[in-house]
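Worksheet: one structure, shown below.
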Amino acid sequence: MSRTILEARNVTKRFGGLVAVSDVSFDVTEHEVMGIIGPNGSGKSTMINMISGSFAPSSGSIRLRGAELAGKPAHKVARLGVGRTFQLVRLLPELSVIENVMAGAAFGHRRRWGHEAEHFARSLLERLGLGQATGMPVSALTYIDTKRVELARALAGDPKVLLLDEWLAGLNPTELSTGIALIRSLREEGRTIILVEHVMDAIRSLCDRCVVMSSGAKIAEGTPAEVLSDREVIRAYLGDGDA
Ligand SMILES: Nc1ncnc2c1ncn2[C@@H]1O[C@H](COP(=O)(O)OP(=O)(O)OP(=O)(O)O)[C@@H](O)[C@H]1O
């Protein structure tokens, strides 16, 4: 039976006078891939940042299997089981590829150290196609490879919920199909994933459900086919004249 793993209730985030996220609620079921989509500036990254503990909500609740995440710092949220990648890749530039991934193993949900961390990091890097690059400095990597390392680092903590913030952004068409196949393989192994994405092909082919945001509010929720044919969603993306 499917169970709710993450529950967002009436979540609001204000930056001074600006309401970036306004009273948003949704549930994420175990093993599902849920997309958060919406036009630029609609509050998607802010929502992800609140789930991962980068920002505290101004009000509302975010629970992971019943445990309150709202207001907890990012390292505690990671320990409780939320792993993430960032819209702008954040790696430790002084460290090698494998050291970056081992850092994720040390600070994630299931802590691994020393040989165990190294072994696990190596197996993840091989799986993500970076088996030959483990000792390289991250500064020598191509853009897609830095994204792979960041994904490996997030997976190294064995997260219960993986947040991908525009992980596919900036990839060329070949890299994009590799990237989509990679996320699909994570989905097939039963991971729970929340992804913020602008690439509609990826949304259609990867997501079980989507939440659509516009100006901070949730305006629709459903399968990709349902929400992408919703008049209000089309209006939010294209403007009044086109809906
Ligand atoms: N740290 C911050 N301080 C002040 N305002 C912020 C901050 N972060 C986001 N905002 C504002 O909150 C609103 C929502 O931004 P957010 O980045 O969450 O949108 P988004 O849907 O992720 O956009 P995009 O698709 O362009 O990444 C925007 O108006 C943005 O300028």
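In what follows, every heavy atom counts, from backbone to side chain, and hydrogens, waters and symmetry copies are set aside. One-based numbering, in listed order, for ligands and for the atoms of each.
- Classification of D27 and R63 as a salt-bridged pair fails, no side-chain N sitting under 4.0 Å from a carboxylate O.
- The shortest heavy-atom distance from G16 to ligand 1 is not under 4.0 Å.
- Remark: distances from the non-hydrogen atoms of H198 to ligand 1 include one below 4.0 Å.
- Summarising the local packing, CZ of R14 is surrounded by 12 or fewer heavy atoms from other residues, nucleotides or ligands at distances under 6.0 Å.
- In this structure, K13 contributes its side chain and V19 its backbone to no donor-acceptor pair below 3.5 Å.
- The proximity of M47 to ligand 1, defined as any non-hydrogen pair under 4.0 Å, does not occur for either the backbone or the side chain.
- Within the 4.0 Å heavy-atom criterion, neither part of N49 lies near ligand 1.
- Each of the atoms 19 (O), 20 (P), 21 (O) of ligand 1 lies under 4.0 Å from some heavy atom of S42.
- Taking E189 as the reference, R127, R191 meet the salt bridge (Lys or Arg N to Asp or Glu O under 4.0 Å) condition, with sequence neighbours excluded.
- Numbered from 1 in the order shown, with element, the atoms of ligand 1 that lie under 4.0 Å from a heavy atom of P39 read 21 (O).
- Using a 4.0 Å cut-off between heavy atoms, M213 makes no contact with ligand 1 at all.
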- Message: Set out, in order, the CA-CA distance, both residues' side-chain angles and the distance that settles side-chain hydrogen bond (donor to acceptor under 3.5 Å, both in side chains) for S52 and R84, then state yes or no.
- Response: CA-CA 7 Å; S52 71; R84 71 167 298 175; 2.9 Å; yes
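- Screening residues 24-68 for ring pair (Phe, Tyr, Trp, His ring centres under 6.0 Å), with sequence neighbours left out, gives F15-F55.
- Judged by distance alone, the side chain of K147 and the main-chain N or O of A169 form a donor-acceptor pair under 3.5 Å.
- Between the choices T46, L18, I37, N40, the shortest heavy-atom distance to atom 15 (O) of ligand 1 belongs to T46.
- For a threshold of 3.5 Å applied to N or O pairs, the pair formed by G41 and ligand 1 contains at least one separation below that value.
- For ligand 1, one of its N or O atoms has an N or O atom of G43 under 3.5 Å away.
- Of all atoms in ligand 1, listed by their number and element, those nearer than 4.0 Å to a heavy atom of E166 are 25 (O), 27 (O).
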